[in-house]
Amino acid sequence: MSALTVLRRYAAKTDLSTIPDSVLFTHTDTSLTLFDLFPKSNTFHFLMMPRITPSLPEEHTRDLRTLLKWDKEKARKVIEGLARDARSVQDMIKEEMKKRFGFEWPIFTGFHAVPSMEHLHLHIIASDLFSDRMKHKKHYNSFHPKRGFFLHLEDVLSWFDATPSYYKTMAKLPKSQYEPLLKEDLICWRCNESFKTIPKLKEHLRAEWEKDAAKVKVKELKRQREDEEYVDIDKRSVKRSTPAAPEEPTP
DNA sequence: GTTCTAGAAC
DNA sequence: GTTCTAGAAC
């Protein structure tokens, strides 16, 4: 099976039990969410795609361009359905971020303007873009939130409510306009510093992310220490048998 | 999309 | 000499 058409084969399935747990993260009646096989985030990277049904035939879901060429209101319903399901995946990611790392960091949700695999798929990816699989300039630029190649889901939704001519213009998604964006300089999406090579950029992105993670750890330690002090004060107050002080406002 | 690898960049 | 990129092949 071609690597380019693997997504469509999953999207057409009615019996999901044939998809391994290592591939399928979650699903609804209208969408499947897969673990990206080559994650570009070090932590969370999912692909969400609409399921192929009689009312949503595969000829209209090859990619975003194909979908937007179809009936506008039908296309809107598809995108809105993905947006609804994406919110619940984002919530699951946020819970997992808090549980595993003690803090939340941005999640990017959007389409590639020129996708390299067939069948419409939405990327839901945490912004720590320094995984082992992040190897080339085009990988990074395809997820850079301000580069223009990554089409944020909210932006795509807004096209439907813009003027018809704006919708028509955006819906064209010309390769010739978007592909050159992948070759532009490597710029940190957080601080705009530019880097000559992918390894240098990744080193920087990792350091920035680890700084955020470290801040949380310092805060946690401080809170623990404060809790211990409160305990000491409580013991003393018991010994002296002074009346309980009014409750301290929590910081 | 990835892997492979020649040769550029340092 | 080593690291890294980018184009060809799949």
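Hydrogens, waters and symmetry mates play no part in the numbers below; they use all other heavy atoms, side chains included. A, B, ... follow the sequence lines: proteins, then strands. Residue 1 opens every chain.
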Enquirer: Would you indicate what A:Leu37 reaches in the nucleic acid, counting non-hydrogen atoms under 4.0 angstrom: base, sugar-phosphate, or nothing?
Expert: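 Since no nucleic acid heavy atom lies under 4.0 Å of A:Leu37, the category is nothing.
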Enquirer: Would a line drawn from the ring center of A:His136 to the ring center of A:Tyr140 be shorter than 6.0 Å?
Expert: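 For A:His136 and A:Tyr140, the ring centres are not under 6.0 Å apart.
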Enquirer: Report which part of the nucleic acid A:Lys40 touches: base, sugar-phosphate, or nothing (heavy-atom distance under 4.0 Å, all strands).
Expert: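 Sugar-phosphate: the residue A:Lys40, judged by heavy atoms under 4.0 Å, touches backbone atoms but no base.
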Enquirer: Mind checking if A:Pro199 touches a base, just sugar-phosphate, or nothing, with heavy atoms under 4.0 Å?
Expert: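 Sugar-phosphate, backbone atoms only, no base.
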Enquirer: Is A:Lys215 close enough and on-axis enough to A:Phe103, meaning under 6.0 Å and within 45°, for cation-pi?
Expert: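 No, cation not above the ring by the 6.0 Å, 45° rule.
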Enquirer: At a heavy-atom distance below 4.0 Å, which nucleotide of DNA chain B is the first touched by chain A, and which is the last?
Expert: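 Span of nucleotides near chain A: B:dG1 to B:dT3.
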Enquirer: Looking at every strand, decide which applies to A:Thr197 at a 4.0 Å heavy-atom threshold: base, sugar-phosphate, or nothing.
Expert: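 Sugar-phosphate, no base atom in range.
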Enquirer: Does the gap between the ring centers of A:Phe149 and A:His112 come in under 6.0 Å?
Expert: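 Judged by ring-centre distance (under 6.0 Å), A:Phe149 and A:His112 do meet the cut-off.
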Enquirer: So A:Glu208 and A:Lys211, salt bridge (Lys or Arg N to Asp or Glu O under 4.0 Å) or not? Walk me through it.
Expert: CA-CA 5 Å; A:Glu208 294 278 295; A:Lys211 231 187 278 169; 3.1 Å; yes
Enquirer: Dump the intermediate steps for side-chain contact (heavy atoms from CB on, under 4.5 Å) on A:Trp105 and A:Met97, then the final yes or no.
Expert: CA-CA 8 Å; A:Trp105 58 99; A:Met97 285 174 166; 3.5 Å; yes
Enquirer: So what does A:His139 hit on the nucleic acid, given a heavy-atom distance under 4.0 Å: a base, only sugar-phosphate, or nothing?
Expert: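 Sugar-phosphate, no base atom in range.
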Enquirer: Assert yes or no for the condition that the ring centre distance of A:His45 to A:Phe143 is strictly below 6.0 Å.
Expert: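 Distance test on ring centres: under 6.0 Å, yes.
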